[in-house]
Amino acid sequence: MRTNLLVANWKMYKTPAQAAEFVREFLPKISNKSDEIVICPPAISIPATVTALEGSRLGAGAQNLHWEKEGAFTGEISAPMIVAAGCSHVIIGHSERRQYFGETDTTVNKKLRAALDVGLTPIVCVGELLEEREAGITDDVLRRQCSIAFREISGEQARKLTIAYEPVWAIGTGRTATPQIAAEAHATIRAEVAKALGDELAQKLCMLYGGSVKPENIVELMAEEEINGALVGGASLDPKSFAAIVNYRSAKA
Ligand code: 13P
């Protein structure tokens, strides 16, 4: 059985004080006792979030990392720093990083190896652009993103690997992939992982869906066998709405 994972990606929202306030409001609202829940604040708000989460079973994660351990890389943070700050997870290759900050499949691969080296759980984001879906090349794009991202990774190291399928056309647009579209993409990704890292690992791989996940669509998404969790942007910023998402198991149909 795969453990489901629900992740808040706050992107560039919430100061340290706002992050702590969110956690105070959010924790008492959680009824889900079985799935993993992780909050990824902006780097500057990680310490406040980690402190506020102390004593809870929730984890914290970073939204990005540099692949070197340290060095003259102004503005960057490294995998060991993320661990030292109390994080268990890190998001890698988010489409906004690819679109606005020049991240490529090759840098995703370097970052993934750096994260695995220090025992972080990497959440590697893949997904096609609208033009790519319309051109009928979604599967090719996903295969390329995965095959480059997983180069030189051993099956043993990769046990922590988590993948988020985030179709770029569904991010922040209110347009969600249907559960069937998401499930199909997940099956393509799983097959690619099987090729790169072996069948056993691919079967156990935790795969998240991201893109306009809301309290209104989480139940339907999580009902898909292929979907093992969600990476939530906008709807994770409000404690009530993120609680409604993580509590999907007790939602009324
Ligand atoms: P939205 O949930 O705001 O569409 O963002 C999705 C996302 O990019 C999560 O990483």
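Heavy atoms only: backbone and side chains are in, while hydrogens, waters and symmetry mates are out. For ligands, and for the atoms within them, numbers begin at 1 and follow the listed sequence. It should be emphasised that the depicted structure is a prediction, and the values quoted were computed from it without experimental measurement.
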Min N/O separation G233 to ligand 1 under 3.5 Å | yes
So with a 6.0 Å cut-off around NZ of K29, is the heavy-atom count from everything else above 12?
-> yes
Ignoring hydrogens and angles, state whether a donor on the side chain of R249 or S34 is under 3.5 Å from an acceptor on the partner side chain.
-> yes
4.0 Å heavy-atom contact, G174 with ligand 1 = no
Answer with yes or no whether the side chains of W10 and Q63 bring together a donor and an acceptor at under 3.5 Å.
-> no
Between C125 and ligand 1, which residue portion shows a heavy-atom distance shorter than 4.0 Å: side chain, backbone, both, or neither?
-> neither
Close-contact set for ligand 1 against H94 heavy atoms, below 4.0 Å = 7 (C), 8 (O), 9 (C), 10 (O)
Ligand 1 to L231 polar contact by distance, N or O atoms, under 3.5 Å = no
Numbered atoms of ligand 1 (with element) below 4.0 Å of G211, judged on heavy atoms = 4 (O), 6 (C)
Quick one: does G210 get within less than 4.0 Å of ligand 1, heavy atoms only?
-> no
How are the rings of F242 and F22 set to each other: parallel, tilted or perpendicular (split at 30° and 60°)?
-> tilted
Using distance alone, decide if ligand 1 has a nitrogen or oxygen within less than 3.5 Å of any nitrogen or oxygen in E96.
-> no
In terms of side-chain geometry, is the basic nitrogen of R133 or E128 positioned less than 4.0 Å from the acidic oxygen of its partner?
-> yes
When distances are taken from atom 5 (O) of ligand 1, the protein heavy atom at minimum range is K11 NZ, 3.2 Å
Protein heavy-atom partner closest to atom 9 (C) of ligand 1 - residue, atom, separation in Å | E166 OE2, 2.9 Å
Which ligand 1 atoms does N9 reach within 4.0 Å, using its non-hydrogen atoms?
-> 9 (C), 10 (O)
Near S212, which atoms of ligand 1 are under 4.0 Å from a heavy atom of that residue?
-> 1 (P), 2 (O), 4 (O)
Compute the shortest N/O to N/O distance between G172 and ligand 1 and return yes if it is under 3.5 Å, no if not.
-> yes
Is a side-chain donor or acceptor of S236 paired with a backbone partner of V232 at a separation under 3.5 angstrom?
-> yes
Is the number of heavy atoms from other residues, nucleotides or ligands within 6.0 Å of CD (E68) greater than 12?
-> yes
Nearest heavy-atom approach of L120 to H89 is CD2-N, 3.9 Å
Sidechain-backbone polar pair: R151 side chain, N109 backbone, donor-acceptor under 3.5 Å = no
Below 4.0 angstrom from a heavy atom of A170, which ligand 1 atoms are there? Numbered from 1 as shown, please.
-> 4 (O)
Taking both backbone and side-chain atoms of T173, is any N or O found less than 3.5 Å from an N or O belonging to ligand 1?
-> no
Give the residue, atom name and distance (to 0.1 Å) of the protein heavy atom nearest atom 3 (O) of ligand 1.
-> G234 N, 2.8 Å
Ignoring hydrogens and angles, state whether a donor on the side chain of Y248 or D35 is under 3.5 Å from an acceptor on the partner side chain.
-> yes
